[in-house]
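The structure appears right after this line, and notes come after that.
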Number of protein chains: 2
Amino acid sequence: MVRDSRATREQIIQAADALFYGEGIRSASMDAIAARAGVTKRTLYYHFPSKDALIGAYLTARDEPTFTRQAAWLDETKGDLPEQILGLFEKLARMTKSARWKGCGFLRAAAELAGTPGHPALKIASAHKKKFEAWLEGRIAAKDLSEPMLRARQVMILLDGAVAQALIHRDPTYALAAGRAAAALVTKHV
Amino acid sequence: MVRDSRATREQIIQAADALFYGEGIRSASMDAIAARAGVTKRTLYYHFPSKDALIGAYLTARDEPTFTRQAAWLDETKGDLPEQILGLFEKLARMTKSARWKGCGFLRAAAELAGTPGHPALKIASAHKKKFEAWLEGRIAAKDLSEPMLRARQVMILLDGAVAQALIHRDPTYALAAGRAAAALVTKHV
DNA sequence: GTCTATAGCTTGATAGAC
DNA sequence: GTCTATCAAGCTATAGAC
C-alpha cells in the first residue's frame, strides 16, 4: 500500500525532532529515527539522502514554530515594550523548568556541528536567529528608541545567554536575571 | 620501557582536548584520541576507565586555564571596571575571529550532553561557570555597586550569549555589542 | 514508495602477553 | 604500564524485490 508520501515525510521529521532534540544530533541514529517514525531505513533514505540532509530538514521544520512561539510570548504580554520583554523572559524561565526542555535546538546544533564549519544546518540556524533579531529590531524601532539594531542584538545575546546558563545550571532564575537586563535595554531613560 | 605515567596521562588529556574541542565530544573517537596521544587504546583505558571519565578529565583540565585567561583579560585592561569589562569582551571578540575558535568547551559540552542529565561533565561545567561568576561578583561588589550578585549573573549571561551568537553567526561584532551592554551594567548611574 | 536484508566500516571496551 | 589483537554492537548507507 502506497501511503501519502508527505505524511511519511512528516512522520520522519517528527521522529527526527524528538531524537535530535532529545538526545543530540550525533547520539541519535538513523536506525532509531526510522524505528520511531514507523518506517524502515530504506524509506527514510528514500525521503532524505543522508543524515546531514535530515538534520537540515529538522532545523528547517523548527524555524517557523519556534519563531511564532517566541513572538507570541512577547505579544501576549500586556504593557509597554519593557514589560513585554520581561514577559518573554518569564515565559522562557517557565519553560526551562520542564525536564523535557533541553535548550535551543539551533544553538545546540551549532555547538555540535562547530567541528564541521561548512555544514548547511549552521546556515539554517544563523538565518533563524537573524530572523528573530530583525523582528525584535522592528519592535524596538517602533518605540523610537535609538540604535534599534544594537538593542535588538543585545536582547538576542541575553536570550541565548539565558538559555545557555539555564542549560548549564538547570536554574530558571538566570532567565529572569536576563529579562531584567533586557527590559532595561529597551527602556527610555528620561 | 615504562614511561612516566603522569606524562602519559597528560598527553592523553592534551589529545582529548584537541579532538573533543575541535570536533565535538561525540564525534571524537577513543581510537583517534589514542592515536593522537601516541598510545594504544589499551593504555588509554588503563588511565581512564571509560570515555565518560575522559570527558570529565578533559573539562577538569580546562577549568583553571580558562578561568585564568579570562580573569587576565579583565585585569590587564586599564581603567575602571566598565572599561575593564569592555576590554574583556573586546578580547573575546578578537578570539572569535580565529578559525580554530569553536566557542566555549564547557557550553558546548553542556549542549552535547543535554540528553544525559546526570552526566558528571555537566557538574564540572556548572562549577566552572559558577566560579567565574563568583569572581566577577567580587569585582563588582568591590566597586560598591548594588546587587552585585545579580549584575555578575547578567554579565555572565552576556558573556555566554556573546559566545553563542558568535558561534552561530561567525561574526565577532556580537561580542562587542555584548560588551557595551555589560559595561553599562557595571556603571554607576549618578 | 516501501519492504527485507546486508554491506562495510567504526565504535567503546576487553583479553592476555610481557 | 604498555603492547598486539580482537570482540560484539552500533553506525551510515545501499542492493534488489515488489
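Chain letters run A, B, ... following the sequence lines, proteins first, then strands; residues in each count from 1. Keep in mind it's a predicted model, so treat the numbers as computed, not measured. Values below: every heavy atom of this structure, side chains too, minus hydrogens, waters and symmetry copies.
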Could you tell me the separation between the [atom1] atom of [X] and the [atom2] atom of [N], rounded to a whole number of Å?
X     : N      : atom1 : atom2 : answer
B/D52 : C/dA13 : CG    : C1'   : 12 Å
A/L54 : D/dA13 : CG    : P     : 10 Å
A/L19 : D/dC11 : CG    : P     : 11 Å
B/Q11 : D/dT2  : CD    : P     : 9 Å
A/D31 : C/dT10 : CG    : C1'   : 14 Å
A/I25 : D/dC11 : CD1   : P     : 15 Å
A/K51 : C/dC9  : NZ    : P     : 20 Å
A/Y45 : D/dA13 : OH    : P     : 4 Å

Taking N and O atoms by type only, does the side chain of A/K41 place a donor or acceptor under 3.5 Å from a partner on the base of D/dT12?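 Counting by modelled atom types and ignoring angles, a donor-acceptor contact under 3.5 Å is found here.
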Which nucleotide sits closest to the side chain of B/H47: D/dT2, C/dG12, D/dT14? D/dT2
Nearest listed nucleotide, side chain of B/S5, among D/dT12, C/dG1, D/dG1: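 It is D/dG1.
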CG on A/L81 to OG1 on A/T187, rounded to 0.5 Å: 8.0 Å
For A/S29 and A/P49, find the nucleotide of DNA chain D closest to each by heavy atoms; which residue's nucleotide sits nearer the 5' end?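 Final value for this comparison: A/S29.
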Does a side-chain heavy-atom distance below 4.5 Å link B/L176 with B/L86? no
Starting at the 5' end of DNA chain C and moving along, which residue's nearest nucleotide shows up first, A/Y46 or B/A28? A/Y46
5'-most contact on DNA chain C: A/R26 or A/T43, nearest heavy atom basis?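 That would be A/T43.
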Sort and list the pairs that fulfil side-chain hydrogen bond (donor to acceptor under 3.5 Å, both in side chains) and have at least one residue in residues 91-110 of chain B, not counting sequence neighbours.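 For residues 91-110 of chain B: B/T77-B/K91.
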Between A/S50 and A/D52, is any side-chain donor less than 3.5 angstrom from a side-chain acceptor?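 Side chains of A/S50 and A/D52: no pair found under 3.5 Å.
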Check whether any side-chain N or O of A/T8 sits under 4.0 Å from OP1 or OP2 of C/dT2, and answer yes or no.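 Yes, because at least one side-chain N or O of A/T8 sits under 4.0 Å from OP1 or OP2 of C/dT2.
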If you compare all heavy atoms of A/F89 against all heavy atoms of A/A182, which two are closest, and at what distance to 0.1 Å? CE1-CB, 3.5 Å
